[in-house]
Amino acid sequence: MTEHIETSGTPETTGTPETGITPGGTTGAFRDVLSKDHARRGKPPLHFADMTPEQRIAKAAELGLPKFRVKQLANHYYGHFDVNAAEFTDFPAAKRAEAAQAFFPELIHEVTRQVADNGMTIKTLWRLFDGSHIESVLMRYPTRTTLCISSQVGCGMGCPFCATGKLGLTRNMSAGEILEQVRVAARMMRDGEVAGGPGRLSNIVFMGMGEPMGNYNSVLSAVRQISAMPPEGFGISARNITVSTVGVVPGIKKLTAEGIPVRLAVSLHAPSDELRDELVPMNKRFNTTQVLDAAHDYYLATKRRVSIEYALMRGINDQAEHAKLLAKRLNHYGDDWVHVNPIPLNPIEGSRWTASKPEDEKRFLDILHAAGITATLRDTRGQDIDGACGQLAAKTKEAFGQQA
């Protein structure tokens, strides 16, 4: 699992920006542009999840289907996690194949799965329509099941300690591509494909590949459909959805105005601008003060505590001085508005960054607790399959080797 950033303010055909990032930033460590091949790749096939209600009705009419058939399709998709129209017994047999082609084109194709934690963690490599690869990670815990999903192919942030950041950004994902990760995981849980027997997908975290605020419109469309009740959505509470960002301030402000009670997670990783400039290139665009101000405003508007993600790196940002400064910066705002998640760094191949010593992790936590800040050391699920925070790199099947 990871998070992180990219992209541009390029208008869509609707004239609205597709990202939460303002135009500019064409030089320096952070380039606010999608890759040059982005437009050439074209757009994914239009899926039921990408269509407005009006578009769905119009598409049904093209097939000679009345409006009520659209609701049947929605019930199958959101209520039963099913896109196999050939088996929709409540649908006209003569129209099933046409409906499948028109509404449910395959957007993500499973390449391989890796399993860890005695079957409780499953990382899936997906191939998209243009040959791109992304990953999602499904993690079952005693009281919840969380899916970590990707919102972009690669990532343009370039955080030096993150595998996804080293890939660069290829393109944004459609809402349909994002939601298909959720649908498949929800079906896997229902059908008992995860150790522990049948269950329910309960939590979604936008902490997979990409910077969610860099693909704002698609991410918000996905959030609304994840949280709406069937047949409008998957019925996972918005309060159980976490949207992560490295600190795209305009995106945080837009999310604040939406009035949706999702949890905001900010990948801070450093308490000072000097250090964060090195670890998170986006900090040169929106500094720690701007990021924390926007995050606190989100808390005030939603009354939902903000998660501060902090990857602990040996000798870099894990010393007592860093913990004390972090506590000071957060307590500046007064109220109990954050929950800090120090994350043991998951080293990536060839990186000079490495995990903190256990005693330094403990001291870091102790200092935060002594300052009255709620903090919990993050569980590093899936580390042995490169499925933990900062490790998603969408390696090819050949790179994986033979997997069960």
Side-chain angles (χ1 to χ4, degrees), residues 1-7 19 21 29-35 37-38 108 111-112 114 121 123-128 131-139 146-173 177-178 181 204-215 218-219 242-248 251 265-269 278-283 309-311 313 341 343-355 378 380-396 399-400:
M1 237 171 55
T2 176
E3 337 113 24
H4 303 23
I5 180 125
E6 101 20 280
T7 120
T19 84
I21 305 174
F30 174 73
R31 295 183 304 107
D32 188 9
V33 291
L34 287 163
S35 72
D37 294 325
H38 172 64
I108 63 173
V111 177
T112 192
Q114 290 182 292
T121 299
K123 182 175 78 166
T124 306
L125 175 71
W126 303 102
R127 184 173 63 246
L128 308 185
S132 298
H133 291 89
I134 55 124
E135 291 173 336
S136 59
V137 185
L138 183 60
M139 297 160 285
T146 298
L147 177 68
C148 174
I149 57 177
S150 295
S151 57
Q152 293 179 320
V153 179
C155 176
M157 184 62 246
C159 296
F161 55 89
C162 174
T164 315
K166 288 184 174 296
L167 295 175
L169 179 76
T170 298
R171 67 171 176 87
N172 284 330
M173 293 171 62
E177 288 174 318
I178 296 170
Q181 297 169 77
I204 304 294
V205 293
F206 283 82
M207 291 183 174
M209 299 173 68
E211 161 62 44
M213 298 299 186
N215 188 14
S218 292
V219 166
T242 299
V243 177
S244 173
T245 178
V246 292
V248 181
V266 175
S267 298
L268 196 66
H269 304 314
E278 179 185 355
L279 299 179
V280 183
M282 175 55 88
N283 197 67
E309 310 296 307
Y310 195 103
M313 302 170 220
N341 287 316
I343 308 164
L345 183 74
N346 300 298
I348 58 175
E349 190 176 348
S351 173
R352 67 183 178 89
W353 316 94
T354 189
R378 171 74 70 82
T380 55
R381 276 289 191 98
Q383 189 172 23
D384 56 330
I385 54 170
D386 289 341
C389 291
Q391 290 185 314
L392 297 193
K395 296 175 183 175
T396 63
F400 279 148

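Basis for what follows: all heavy atoms, side chains included, without hydrogens, waters or symmetry-related copies.
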Side chain to side chain contact (heavy atoms under 4.5 Å, CB included) between Leu138 and Thr124, worked out: CA-CA 8 Å; Leu138 183 60; Thr124 306; over 6 Å; no
Validation row: Pro281, Cys159 side chains within 4.5 angstrom (heavy atoms): yes
Met209 and Leu167: CA distance, side-chain angles, deciding distance, side chain to side chain contact (heavy atoms under 4.5 Å, CB included) verdict: CA-CA 10 Å; Met209 299 173 68; Leu167 295 175; 3.5 Å; yes
Separation between CD1 of Ile204 and OG1 of Thr242, rounded to the nearest 0.5 Å: 10.0 Å
Sub-4.5 Å side-chain heavy-atom contact between Val205 and Leu147: no
CE-CG distance between Met313 and Leu279, expressed to the nearest 0.5 angstrom: 4.5 Å
Val243 versus Pro212, closest heavy-atom pair with distance: CG1-CB, 3.9 Å
Val153 side chain reached by Met173 side chain, heavy atoms, under 4.5 Å: yes
Straight-line distance of Asn341 CG to Leu268 CG, nearest 0.5 Å: 12.0 Å
Glu309 side chain to Ile343 backbone, donor-acceptor under 3.5 Å: no
Side-chain heavy atoms of Ile178 within contact of Ser218, under 4.5 Å: yes
Minimum heavy-atom distance between Gly210 and Ser151, given as atom pair plus value: C-OG, 4.2 Å
Closest heavy-atom pair and its distance - His269, Phe161: CD2-CZ, 3.5 Å
Heavy-atom closest pair, residues Val111 and Trp126: CG2-C, 4.1 Å
Pairwise side-chain contact, Cys162 with Met157, heavy-atom cut-off 4.5 Å (strictly under): no
Nearest-0.5 Å distance that lies between atom CD1 in Ile149 and atom CD in Glu177: 12.0 Å
Rounded distance (nearest 0.5 Å) linking atom CD of Glu211 with atom CG of Leu169: 10.5 Å
Of Gln181, Gln114, Lys123, the residue whose pairing with Val137 passes side-chain contact (heavy atoms from CB on, under 4.5 Å): Lys123
Check: Ser150 side chain, Gln152 main-chain N or O, donor-acceptor pair, under 3.5 Å: no
